[in-house]
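Below: one structure, written as structure tokens.
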Amino acid sequence: MADLRELMLEELKKSTVIQTSSIDETEELLDTGLEKNEDNILAAALAYLDNKGYRRRVDNIEFAKNMIMESSEGYDTVIVKQKRVVETNLFEEATIEDLRDAMGVCNLETVTAIHTKLERMANRQYEYALEFLDEIKVEAERPKGKLGGDFESMEELLNRYAKNGWELDKIYGEPRGKVIRTYLIFKREKMD
């Protein structure tokens, strides 16, 4: 049977609300025991680059060698700097009641987030924009050469609005003399 404490810890680790561990990063000097000479410094530099995933380029090698020589200053052997990362579980000593309380906080945060989303969905508010066209132009009608500078096709117009978060809500035509003026109504949700 699964350990209740472990299950609760795993669920808490998934939460973005509760910090379950702390990370302590320290830099320490490690004595390789190798005599300080050019070959051993080069070997330590190459090992450092390989360990970090850096390419063995000349500039990278020189940088690593200089770093190792600085660390080894005053020593007879090759000294390398190494970062040590220690992760501490903040709930290591926690009781089941403590874990239950932390789970309650996570659940409250989840319910609050759901409530906020539902509230926004139930009370959506929109802003609107209106465009009108006396002529609908399609991309196939685009003039060749420099004459097409002021030309905007229907596709370009729709994409221009869509790029800014607008969606086409309604389109309708209204006679204006010999021309039918086309009205495009765009809407987007207010994100207050």
Side-chain angles (χ1 to χ4, degrees), residues 2 4-25 49-60 63 83 85 87-91 94 97-192:
L4 178 62
R5 188 173 195 291
E6 289 301 316
L7 288 172
M8 292 173 88
L9 279 171
E10 286 303 313
E11 285 303 311
L12 286 173
K13 285 180 185 175
K14 294 176 188 176
S15 172
T16 58
V17 178
I18 302 283
Q19 181 178 345
T20 59
S21 64
S22 68
I23 295 177
D24 186 25
E25 198 173 287
L49 293 175
D50 292 343
N51 184 33
K52 294 291 185 184
Y54 297 129
R55 292 179 44 203
R56 289 185 171 192
R57 294 187 336 218
V58 174
D59 58 334
N60 287 346
F63 177 78
K83 284 188 180 176
V85 177
E87 184 175 357
T88 305
N89 182 354
L90 298 176
F91 285 97
E97 290 77 25
D98 293 337
L99 294 173
R100 193 172 291 132
D101 290 345
M103 294 278 297
V105 170
C106 293
N107 289 339
L108 178 63
E109 184 65 28
T110 302
V111 169
T112 302
I114 290 170
H115 174 73
T116 302
K117 288 179 183 176
L118 287 174
E119 182 74 26
R120 201 173 111 229
M121 286 174 61
N123 298 316
R124 283 191 175 156
Q125 294 182 353
Y126 295 98
E127 58 182 324
Y128 295 89
L130 175 68
E131 279 277 339
F132 64 88
L133 307 170
D134 288 329
E135 176 185 10
I136 294 178
K137 303 170 189 169
V138 293
E139 199 60 41
E141 298 171 346
R142 180 175 296 282
K144 304 289 187 232
K146 294 183 179 180
L147 299 175
D150 292 337
F151 184 88
E152 183 178 42
S153 68
M154 182 71 148
E155 294 94 341
E156 289 173 322
L157 175 76
L158 293 172
N159 287 330
R160 178 167 48 94
Y161 273 88
K163 182 177 166 185
N164 292 314
W166 295 92
E167 62 183 77
L168 183 62
D169 186 43
K170 293 180 182 150
I171 184 170
Y172 66 93
E174 184 177 280
R176 297 271 292 183
K178 296 180 182 181
V179 179
I180 294 181
R181 180 170 274 178
T182 304
Y183 292 92
L184 302 155
I185 301 172
F186 295 92
K187 74 175 183 178
R188 70 177 170 194
E189 188 176 351
K190 285 185 178 180
M191 301 303 265
D192 298 332

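None of these values were measured; they are calculated from a predicted model.
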What are the two closest heavy atoms between [X] and [Y], and how far apart are they?
X    : Y    : answer
G173 : I180 : CA-CG2, 4.0 Å
E139 : S153 : OE1-OG, 2.8 Å
A94  : R5   : O-NH2, 2.6 Å

Calculate, to the nearest 0.5 Å, the distance between atoms CZ and CG belonging to F91 and L99 respectively.
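Taking CZ in F91 and CG in L99, the distance rounds to 6.5 Å.
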Separation of E189 CD from E127 CD (nearest 0.5 Å)
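Answer for the CD-CD pair, E127 versus E189, is 10.5 Å.
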Those residues that, when tested against N164, pass side-chain hydrogen bond (donor to acceptor under 3.5 Å, both in side chains) (two or more places apart):
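Per chain and number, N164 pairs via side-chain hydrogen bond (donor to acceptor under 3.5 Å, both in side chains) with no residue.
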By side-chain hydrogen bond (donor to acceptor under 3.5 Å, both in side chains), which residues pair with E131, not counting sequence neighbours?
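side-chain hydrogen bond (donor to acceptor under 3.5 Å, both in side chains) list for E131, sorted by chain: Y161.
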According to side chain to side chain contact (heavy atoms under 4.5 Å, CB included), who are the partners of [X], at least two apart in sequence or on a separate chain?
X    : result
L118 : I114
L168 : L158, L184, F186
T16  : none
V111 : none

Quick one: side chain to side chain donor-acceptor pair (under 3.5 Å) pairs with a partner in residues 165-182, sequence neighbours left out?
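For residues 165-182: D134-R181.
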Any side chain to side chain donor-acceptor pair (under 3.5 Å) pairs touching residues 98-112, not counting sequence neighbours?
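Of all non-adjacent pairs touching residues 98-112, those that pass side chain to side chain donor-acceptor pair (under 3.5 Å) are T95-D98.
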Flag side-chain contact, heavy atom, 4.5 Å: K52 against N60
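Result no, sub-4.5 Å side-chain heavy-atom pair not found.
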Quick one: list whatever passes salt bridge (charged side-chain N to carboxylate O under 4.0 Å, His left out) with [X], sequence neighbours left out.
X    : result
K13  : E10
E156 : R142
R56  : D50
E155 : none

Would you please test R55 and L49 for side-chain contact (heavy atoms from CB on, under 4.5 Å) and show each step?
CA-CA 7 Å; R55 292 179 44 203; L49 293 175; over 6 Å; no
I'd like to know whether CZ of R120 has more than 12 heavy-atom contacts from other residues, nucleotides or ligands below 6.0 angstrom.
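Incorrect, the count does not exceed 12.
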Near Y183 OH, under 6.0 Å, is it more than 12 heavy atoms from other residues, nucleotides or ligands?
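Yes.
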Run the side-chain contact (heavy atoms from CB on, under 4.5 Å) test on T20 and L90 for me, step by step, so that the C-alpha distance in whole Å, both residues' side-chain angles and the decisive distance to 0.1 Å come before the verdict.
CA-CA 5 Å; T20 59; L90 298 176; 5.8 Å; no
